[in-house]
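Heads up, the thing below is written out as structure tokens.
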Amino acid sequence: MTRRFVIWNRTPLVADWYVVLAVVAALVVWTWCFDGSDYIDKTLEGIRVSIYRVTMGIAASLLGFSLTVMSVVLGFSSYKRLAIVRKSKHYRTVWRTFFAAVHALGLLLLCAFLALVFDREERPVLVLEVAYAALCLLAGLRLYRSVWILRRLVDLIAKPNTQTD
């Protein structure tokens with residue numbers, strides 16, 4: 001692995017914030033210095049309400065999915081095959097990642113609701129639009145990490161029996 005990805009692999013939740021902050025900084029510079037807000041307003045014209053409503057539904061569904069995944073993993077945590085994970089220094093990271101995904105989805109749900117209420121065609125709220133984009137990205141990154149962890153845990157649980165557990 002090259003050195004430039006060290007922070008991504010060692011502290012993934014922090015790396016997610018760096019990615020989001022870089023994208024938000026670029027978005028803010030683009031909107032304020034290069035008339036990006038006009039482009040955003042033209043793009044969202046007539047579809048703001050639909051986008052925010054759909055996002056609320058998706059975020060709520062994924063929030064429920066994430067909470068269910070956490071319950072299932074907790075139920076399997078005493079399973080013999082997961083002993084290696086429980087004893088690992090990364091066991092806390094598994095739970096921190098799951099909770100980070102739940103928090104990001106909750107914030108996205110809240111932001112989409114606020115945008116639905118306050119971001120209007122005749123009076124767009126740029127701060128909400130930028131926050132919405134940032135939280136979409138953050139929630140996506142956190143979900144990706146959660147699904148990656150879930151995949152690894154399922155691989156451990158469902159691996160073929162080579163000996164009796």
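Since the model is a prediction, treat every value here as computed from it, not as a measurement. Nothing fancy with the numbering, it's 1 onward along the sequence.
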Pairing residues for [X] by the side chain to side chain contact (heavy atoms under 4.5 Å, CB included) criterion, not counting sequence neighbours:
| X | answer |
| --- | --- |
| Leu156 | Leu82, Ile84, Val85 |
| Val147 | none |
| Ala131 | Cys111 |
| Leu21 | none |

Trp32: side chain to side chain donor-acceptor pair (under 3.5 Å) partners, not counting sequence neighbours: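 So Trp32 forms no side chain to side chain donor-acceptor pair (under 3.5 Å) with any residue.
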Pairing residues for Tyr39 by the side chain to side chain donor-acceptor pair (under 3.5 Å) criterion, not counting sequence neighbours: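 Partners of Tyr39 under the side chain to side chain donor-acceptor pair (under 3.5 Å) test: none.
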Give, for atom [atom1] of [X] and atom [atom2] of [Y], the distance between the pair rounded to the nearest 0.5 Å.
| X | Y | atom1 | atom2 | value |
| --- | --- | --- | --- | --- |
| Trp30 | Ile40 | CH2 | CD1 | 4.5 Å |
| Leu44 | Arg120 | CG | CZ | 13.0 Å |
| Leu143 | Leu150 | CG | CG | 11.5 Å |
| Thr31 | Glu129 | OG1 | CD | 9.0 Å |

Non-hydrogen atoms of Arg142 and Asp16 that approach each other most closely: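 Smallest interatomic distance, heavy atoms only, reads NE-OD2, 3.0 Å.
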Per-pair distances, 0.1 Å, donor-acceptor, side chain in residues 49-73, under 3.5 Å, sequence neighbours excluded:
from	atom 1	to	atom 2	distance (Å)
Tyr52	OH	Asp119	OD2	2.6
Thr55	OG1	Ile51	O	2.8
Thr55	OG1	Tyr132	OH	2.5
Ser61	OG	Gly57	O	2.9
Ser66	OG	Leu62	O	2.9
Thr68	OG1	Gly64	O	2.8
Ser71	OG	Leu67	O	2.9

For Arg151, all residues meeting salt bridge (charged side-chain N to carboxylate O under 4.0 Å, His left out), sequence neighbours excluded: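 Listed in chain order: Asp155.
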Contacts under 3.5 angstrom, residues 96-108 side chains, donor-acceptor by atom type, not counting sequence neighbours:
from	atom 1	to	atom 2	distance (Å)
Thr97	OG1	Thr93	O	2.7
His103	ND1	Phe99	O	3.2

Sequence neighbours excluded, every pair satisfying salt bridge (charged side-chain N to carboxylate O under 4.0 Å, His left out) that has a member inside residues 18-43: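 Qualifying pairs: Asp41-Arg48.
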Residue pairs, two or more places apart or on separate chains, that pass side chain to side chain donor-acceptor pair (under 3.5 Å) and touch residues 104-118: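 Matches after skipping sequence neighbours: none remain.
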